Amino acid sequence: MEREANGTADIIDGKAVAAGVIERVKGARNQLEAETGVRPGLAVVLVGEDPASRVYVRNKSLKAEECGFHSEQHSLSVETSETDLLALIQRLNADPAVHGILVQLPLPKHIDEKKVLLSVSPEKDVDGFHPINVGRLSAGARDEALMPCTPAGSIILMKHALGPNLSGLDAVVIGRSNIVGKPVVQLLLQENCTVTVAHRWTRDLPAICRRADILVAAVGQAQMVKGDWVKPGSCVIDVGINRIAAPEKGEGKTRIVGDVDFDGAVKVAGAITPVPGGVGPMTIALLMANTVTAAARLLGRPELAPIIV
Ligand SMILES: Nc1nc2c(c(=O)[nH]1)N[C@@H](CN(C=O)c1ccc(C(=O)N[C@@H](CCC(=O)O)C(=O)O)cc1)CN2
């Protein structure tokens, strides 16, 4: 790592990088339609009324429309049975107008999440959560895998800050979830980083974090990573989205913060993602990229699919 700490990190603008990804997606979509006559199609499935999930799903559908995709939103009641949800997914798997299927998480407790994720056709699994895509990613089969959106978006932001070659850098990932931590580890390994995975049982976490040229916080605990855990000049990617009380905005008001104490870390890091406006916008942009990739592959034109990570 050659960067030096100079007292204020570069703030990585996730919205701007995501906008660049969307422009590339639109270009690929135009080419795909010109050559095959088919528009990519995305089906987003929401079960229940979780307010945050409703916002995410709406934003995904709006972005799909902006990209010129065929866009379907299936909003099901919280009482929907697992059988009915699986039947809908089977219909979407068989629908030639749908190239990408996404089931918004979390699902209500009475539905078996693993069973549902397993039922999505791996070729339409634009979340990259199906075990077949997890296996393809682990095996480095990038041409066949659909990569999970938040991890892929995080790697793009790192390269934006550090340049395209991450080889040899020490990366520490805090968190080992199937959705973020583990796939980020796989992607960092493919970038030739030396990767340490930290979790709730890890001893002396601050000391381990201080070794990191790239520090990824994906642990779901508001502002847990303090400024003195950060190696001077390093790149900090904050995947956390935590809602906390914000009495300064008025009684009962809340605001969103990441897993990193931004005000402390920004003084030490070389580059850092903010929350909001960092990794979050990349999640939706990469979903659009996966949809056009899935469509191109299903239409037998994989060369038109941009693998952008
Ligand atoms: N099927 C999936 N479910 C969930 C995923 C996922 O990738 N696939 N990830 C999260 C939620 N999520 C997308 O679904 C998501 C979260 C946050 C953002 C985002 O842009 N956040 C903004 C802040 C938003 C706010 O103010 O509330 C930001 O960070 O700037 C996009 C998508 C769980 N479920």
Side-chain angles (χ1 to χ4, degrees), residues 11-19 21-22 42-64 66 73-76 85 88-89 92 100-108 111 113-114 116-120 124-130 133-134 137 146-157 175 177-184 187 216-220 222-223 236-244 246 249 253-260 262 272-291 294:
I11 313 292
I12 304 171
D13 185 346
K15 277 192 193 167
V17 180
V21 171
I22 292 296
L42 175 65
V44 179
V45 180
L46 172 67
V47 186
E49 303 286 331
D50 178 76
S53 292
R54 283 171 65 147
V55 172
Y56 298 143
V57 160
R58 185 174 150 69
N59 289 345
K60 288 173 186 183
S61 297
L62 287 173
K63 195 57 82 177
E66 184 197 321
Q73 189 176 318
H74 299 265
S75 297
L76 310 179
L85 176 59
L88 169 63
I89 293 170
L92 296 171
I101 302 169
L102 173 140
V103 181
Q104 187 65 28
L105 301 178
L107 285 166
I111 296 178
E113 189 176 292
K114 277 192 191 148
V116 170
L117 297 182
L118 201 58
S119 74
V120 175
K124 296 189 178 185
D125 167 38
V126 281
D127 255 333
F129 293 163
H130 191 288
N133 281 316
V134 175
L137 180 64
L146 286 164
M147 291 184 215
C149 303
T150 303
S154 300
I155 299 289
I156 293 176
L157 293 181
S177 70
N178 290 334
I179 291 179
V180 182
K182 287 178 192 161
V184 168
L187 289 169
V216 180
V219 76
Q223 299 169 317
V236 177
I237 303 291
D238 190 351
V239 184
I241 296 182
N242 310 285
R243 195 165 276 283
I244 62 166
K249 288 170 76 181
K253 296 282 184 197
T254 61
R255 67 186 174 104
I256 290 181
V257 297
D259 292 346
V260 176
F262 183 86
I272 186 168
T273 58
V275 178
V279 173
M282 294 299 285
T283 298
I284 294 183
L286 269 290
L287 176 68
M288 302 303 133
N290 274 351
T291 303

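Start at 1 with the first residue, then count along the sequence. All ligand and atom numbering here is 1-based and tracks the order in the structure. Everything quoted here is computed from the prediction, not taken from an experiment.
- For the pair Gly277 and ligand 1, a heavy-atom separation below 4.0 Å is found.
- Every atom of ligand 1 with a heavy atom of Ile241 under 4.0 Å away is listed here by number and element: 16 (C), 17 (C), 21 (N).
- Residue contacts with ligand 1 leave out Lys15, since none of its heavy atoms falls under 4.0 Å from the ligand.
- Nearest protein heavy-atom neighbour of atom 19 (C) of ligand 1: Gly280 CA, 3.4 Å.
- Distance from atom 1 (N) of ligand 1 to its nearest protein heavy atom, with residue and atom name: Asp127 OD2, 2.6 Å.
- Close approach of ligand 1 to Val103 is summarised as follows: ligand atoms under 4.0 Å from at least one heavy atom of the residue are 1 (N).
- Residue Thr283 has at least one heavy-atom neighbour below 4.0 Å for each of these atoms of ligand 1: 7 (O).
- By the 3.5 Å distance cut-off applied to N or O atoms, Val275 is not counted among the residues near ligand 1.
- For ligand 1, the atoms lying closer than 4.0 Å to a non-hydrogen atom of Lys60 are 8 (N), 13 (C), 14 (O).
- Of the protein's heavy atoms, none falls inside 4.0 Å of atom 9 (N) of ligand 1.
- Applying the 4.0 Å criterion to heavy atoms of Ile256 picks out, from ligand 1, the atoms 25 (C), 26 (O), 27 (O).
- When non-hydrogen atoms are compared, ligand 1 lies under 4.0 Å from neither the backbone nor the side chain of Ile179.
- Counting the atoms of ligand 1 from 1 in the order shown, those under 4.0 Å from a heavy atom of Phe129 are 1 (N), 2 (C), 8 (N).
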